[in-house]
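This one's a predicted model, so the numbers in the text were calculated from it and none came from an experiment. By convention in this document, chain letters (A, B, ...) are assigned in the order of the sequence lines, proteins followed by strands, and residues within each chain are numbered from 1.
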Amino acid sequence: MYLELQKKLGDHLRAVLKQKYDLDVENIPLEIPPDLKFGELSSPIAFELARKLRKAPKVIAQEIVEAIGPLEGFAGFDVAGAGYINARFDRTAATRAVAGGVTSTSSSAGLHALVEHTSINPNKAAHIGHLRNAILGDTFVKLLRAAGQKVDVQNYIDNTGVQVADVVVGFQHLQGKSLDEVRALIASCEKSTDYAGAFDYYCWDLYARTSQWYGEGTEEEKAAHKKLRLDTLHEIEHGGNDTAEMSELISTSVLRRHLETMLRLGIEYDFLPRESEILHLKFWDAAFEQLKKTGVLYFENEGKNKGCWVMTRPGAAETEGVDEDAKVIVRSNGTVTYVGKDIAYHLWKFGLLGKDFGYKPFFKYADRDCWISTEHGVEPHPHFGGAQAIYNVIDSRQSDPQANVIQALRGMGYTEQADRYTHFSYEMVALTPRCAVDLGYDVAEEDLSRSYIEVSGRKGFGVKADDLIDKLIAATRAETDARQTGRDDVERHKIAGQIAIGALRYFMLKYTRGSVIAFDFKDALSFEGETGPYVQYASVRIKNIFRKGNTTADAALAEYAELAASDPARLAPFFAGEENEDIWALWLRAARRTLVLEQCIATSEPAYLAKHAFQLAQEFANFYHRHHILTEEDRAKKTFLLATAAVALRELVLSLEWLGIESPEAM
RNA sequence: GCGCCUGUAGCUCAGCUGGAUAGAGCAUCAGACUUCGAAUCUGAGGGUCGGGGGUUCGACUCCCUCCGGGCGCACCA
């Protein structure tokens, strides 16, 4: 509603400026004023025009206001301060529109988007850093879908990389395990009833131990370890041997665990493209041809990159002679680098490669399958890729390689695709030194004074995702047991789970992407203040009101619509005047939903929605304490208060839903 | 050395394309439950927005510079 009125006012002001001053102003600045006494929308346009028109801003504002005339949806306009033009909404009309839930469709509706997130190396348990990635990605998917976009969700699996190789080395050379023994171990782990006994946890430790082992012993031994690692990697990449088979077993089993962990948070995927298929289906060969033909890649005959196929880095200055700084895509031994494979993969994402994966079902969700890539797939199968816009949820450390891929697409002439390629970058999750010490890690002296320490799967340093979720559930369960004495075990379990996940998802979403999260159990396990449970609690309170009042939100809204139609004058006093500003503020907040959604998508920033949900909850709590609804004697007033609660509930539930957070029935 | 990010209350963070009096949460202190459930609310204290220049009618926001943190800059993935 806010967004619609904002557009309307912008268009109208543009017409007024054209007519009155013969000025074409493309972008009319419109903002939400800091205080309701300034109205609901405000424009400082008069300041900008002052120089051009050689008049005082206040005079210009005055002239514009006089020329505005009546505009549907607005009650009036006035000049304030040194020349602000303030617009006041027609409150009755506005509340009717909000109560009716009318919203315009997003400009991006119908777009086919592809979001890639999670992408954990399948060689160890997921940790809190991976949770941030998955929660950001999953939430963004929900936002795009809310805007009417068609979204494919992908989780890229690097199953042939050095990280999986490290665990294979651990099994083969540290533990001397055979293929059958690893198979048996996996089978026994899958029977484990707790996470500590699960295979991804087992690999967590083994991976850390192997990583350490590489650096142990004499120089010759270290060299031998490194060679083992490289040989193992090559055997895996090549395929068709026991090492590759062991790697396949490990990565598939760990991947399954990752999907289970993410499912605990309600996170699902459509498709899991794997590196092994990108290799075996020769995606690179197809990309290489295009890259050569378009001149993006050139063969270097001189300098330190002699014998390689290289590309110019983004933003590189035009240089005479040899570009020593160029990015190597094909090594002098003919093998392709990571960025090269990534270019091929991204051509596929946009449907520009001319090749496709094979597909087979891999993991069952309640109502559908998650598909995985394979060389020879099944028929029929859904088709993925060929998207118009893509979002890669990858931490900020990978911005250089991501920029290389975009540069390559642009160089190949795929300008539109390059423009719709978003590196959805975010900062890592780290542990506070205190948290690390509490967890029993040896913390180096120099790290104790730092504000945070980076988590590291290689070092086995971090908080595992399932452990954190378990801890959260234990904490919420204790509260639920104390509060919900009238409910049975099943209900309590459900509620505790909803709150725990709500707390976790909100915690990961409340920070903007560029901020490092210094993880601490005290903050993550908090259910008060700016948290998921606070927002959930507001929705529960509203549900309680309707339950106690023996009515529903829908009924309240219908009754309000009826009253607004038959006797609008009766309603006006309820949201007019100083003493009712808090109620009006709540309606206005509710009206901002689409505005916030568009802002989140435009900036790839889900944190704005988290903030919006919190503010909505906060304003409701405020309202809740000031107005007692069910004991209200005035019939019309009660209808109005109930409608207010109904609108707040609808917006809270919807906002939470977009954040991937459920609204419990009680808590 | 080059590039990107970052510095806002004791702590953790917001601050929309430059706009009106810089906001939350936590923590601290003082209050509010026979009420639609207190996982809540009310109030208080707490700020040279890292320093200095500049652009502008107007700068937390843009530019320059310095200081302090972080991360990238492989023929590794």
Side-chain angles (χ1 to χ4, degrees), chain A residues 27 29-35 38 42-44 47-48 50-51 56-57 80-84 86 121 158 160-165 230 233 275 304-310 313 315 325 327-333 335-339 341-342 395-401 403 425 427-428 430 432 450-452 454 476 479-480 483 499 503 510-512 514-518 520 522-523 526-531 533-534 536-538 540-549 595-596 599 602-603 605 607-608 611 614-615 618 621-622 624-631 641 645 666-667:
Chain A
N27 199 17
L30 278 171
E31 56 204 40
I32 298 174
D35 195 296
F38 299 125
S42 173
S43 180
F47 297 109
E48 274 179 41
R51 184 181 294 262
Y84 289 95
N86 293 335
N121 278 302
D158 184 6
T160 54
V162 66
Q163 292 213 26
V164 174
L230 209 59
L233 179 62
E275 164 130 313
K304 75 177 172 95
N305 295 330
K306 186 177 175 180
C308 299
W309 287 88
V310 301
R313 286 182 195 270
D325 192 42
K327 174 70 193 167
V328 172
I329 301 298
V330 181
R331 304 180 186 102
S332 53
N333 68 6
T335 57
V336 59
T337 60
Y338 164 73
V339 171
K341 282 181 274 190
D342 221 23
D395 77 70
S396 60
R397 287 171 295 195
Q398 299 228 38
S399 60
D400 270 8
S425 101
E427 272 295 343
M428 62 185 170
T432 62
R450 297 161 58 120
S451 54
Y452 56 81
E454 183 182 356
T476 51
E479 284 290 321
T480 308
R483 292 158 192 267
I499 299 169
K510 70 193 267 193
Y511 301 94
T512 49
S515 166
V516 175
I517 298 180
D520 199 303
K522 183 175 79 61
D523 298 329
S526 163
F527 308 133
E528 290 166 13
E530 194 183 342
T531 65
Y534 176 93
Q536 290 174 312
Y537 187 64
V540 165
R541 280 178 145 177
I542 303 173
K543 288 179 184 175
N544 283 341
I545 294 171
F546 287 111
R547 200 176 289 128
K548 287 265 164 69
L595 189 71
V596 173
Q599 191 190 2
T603 57
E605 186 54 89
Y608 296 139
K611 191 63 113 188
F614 172 66
Q615 287 171 331
Q618 209 174 30
N622 205 309
Y624 178 90
H625 279 269
R626 238 175 273 191
H627 308 273
H628 203 270
I629 300 172
L630 295 180
T631 52
L641 294 177
M667 64 186 281

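- The CE atom of A:Met667 sits 4.0 Å away from atom CD1 of A:Ile499, with the distance rounded to the nearest 0.5 Å.
- Using the Watson-Crick or G-U wobble rule with both distances under 3.5 Å, B:C73 pairs with B:G1.
- Rounded to an integer number of Å, the gap from A:Arg313 CZ to B:G72 P is 15 Å.
- To the nearest whole angstrom, the two C1' atoms, one in B:A77 and one in B:G72, are 15 Å apart.
- The minimum heavy-atom distance linking A:Thr432 with A:Asp520 is given by the pair OG1-OD2, 3.2 Å.
- The phosphate of B:A74 (OP1 or OP2) has no side-chain N or O of A:Asn305 nearer than 4.0 angstrom.
- Using N1 to N3 plus N6-O4 or O6-N4 for Watson-Crick, or N1-O2 and O6-N3 for G-U wobble, each under 3.5 Å, B:C49 pairs with nothing.
- A:Glu605 and A:Tyr511 get closest at one heavy-atom pair: OE2-O, 4.4 Å.
- Using a 4.0 Å cut-off, some side-chain N or O of A:Tyr534 falls inside it from OP1 or OP2 of B:C41.
- The partner of B:G58 is absent, by the rule that a Watson-Crick or G-U pair needs both atom distances under 3.5 Å.
- An OP1 or OP2 oxygen of B:C36 is reached within less than 4.0 angstrom by no side-chain nitrogen or oxygen of A:Asn544.
- In this structure B:U28 sits in a base pair with B:A44, meeting the Watson-Crick or G-U test at under 3.5 Å.
- Look at the C1' atom in both B:A74 and B:C13: the space between them is 36 Å, to the nearest Å.
- Using cut-offs of 30° and 60° on the angle between ring planes, the pair A:Phe47 and A:Tyr84 is perpendicular.
- A search for side-chain hydrogen bond (donor to acceptor under 3.5 Å, both in side chains) contacts involving A:Asn333 returns A:Thr335, not counting sequence neighbours.
- Contact annotation: A:Tyr338 side-chain N/O to B:A77 OP1/OP2 distance is not under 4.0 Å.
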Between protein and nucleic acid, restricted to nucleotides 16-19 of chain B and to nitrogen or oxygen atoms under 3.5 Å apart, what atom pairs and distances do you find?
unit_1, atom_1, unit_2, atom_2, d
B:U17, O2, A:Asn27, ND2, 3.2
B:U17, O4, A:Leu30, O, 3.0
B:G19, O2', A:Tyr84, OH, 2.2

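- Both thresholds, 5.5 Å between centres and 30° between ring planes, are not jointly met by A:His628 relative to the base of B:U35, so the two rings are not stacked.
- Across the strands present, B:C33 finds no partner; the criterion is a Watson-Crick or G-U wobble pair with both atom distances under 3.5 angstrom.
- Rounded to a whole angstrom, the distance from the P atom of B:C11 to that of B:G51 is 15 Å.
- Listed candidates were B:C36, B:A20, B:C41. Nearest to the side chain of A:Ala621 is B:C41.
- Considering only side-chain atoms of A:Asp400, the nucleotide from B:G70, B:C73, B:A77 that sits closest is B:C73.
- Contact annotation: A:Gln398 side-chain N/O to B:C4 OP1/OP2 distance is not under 4.0 Å.
- Residue A:Arg397 has no polar side-chain atom (N or O) positioned under 4.0 Å from OP1 or OP2 of B:A77.
- Comparing B:A39, B:A24, B:U42 by their nearest atom to the side chain of A:Phe614 picks out B:A24.
- Using N1 to N3 plus N6-O4 or O6-N4 for Watson-Crick, or N1-O2 and O6-N3 for G-U wobble, each under 3.5 Å, B:G7 pairs with B:C67.
- Between A:Tyr452 and B:G69 there is no side-chain polar atom (N or O) within less than 4.0 angstrom of OP1 or OP2.
- The C1' atoms of B:U48 and B:C73 are separated by 37 Å, rounded to the nearest whole Å.
- The separation between A:Trp309 atom CH2 and B:C75 atom C1' is 15 Å, rounded to whole Å.
- Taking the P atoms as reference points, B:U12 lies 38 Å from B:C75, given to the whole Å.
- Across A:Gly161 and A:Leu233, no two heavy atoms sit closer than the pair C-CD1, 3.5 Å.
- Of the candidate nucleotides B:U40, B:A77, B:C75, B:C75 has the atom lying nearest to any side-chain atom of A:Cys308.
- Within the nucleic acid shown, A:Lys306 comes within 4.0 Å of at least one base atom, counting heavy atoms only.
- Dashed line: the shortest gap from a side-chain N or O of A:Arg483 to OP1 or OP2 of B:A39 is under 4.0 Å.
- Taken from OH in A:Tyr452 to CD1 in A:Ile517, the straight-line distance is 12.0 Å, to the nearest 0.5 Å.
- For the P atoms, the distance from B:C76 to B:A9 is 45 Å, rounded to whole Å.
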Show the distances under 3.5 angstrom between N or O atoms of the protein and N or O atoms of nucleotides 7-13 of chain B.
unit_1, atom_1, unit_2, atom_2, d
B:U12, O2', A:Tyr511, OH, 3.4
B:C13, OP1, A:Val516, O, 2.9

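- When each of B:C41, B:A77, B:A20 is scored by its nearest atom to the side-chain atoms of A:Lys341, the top-ranked nucleotide is B:A77.
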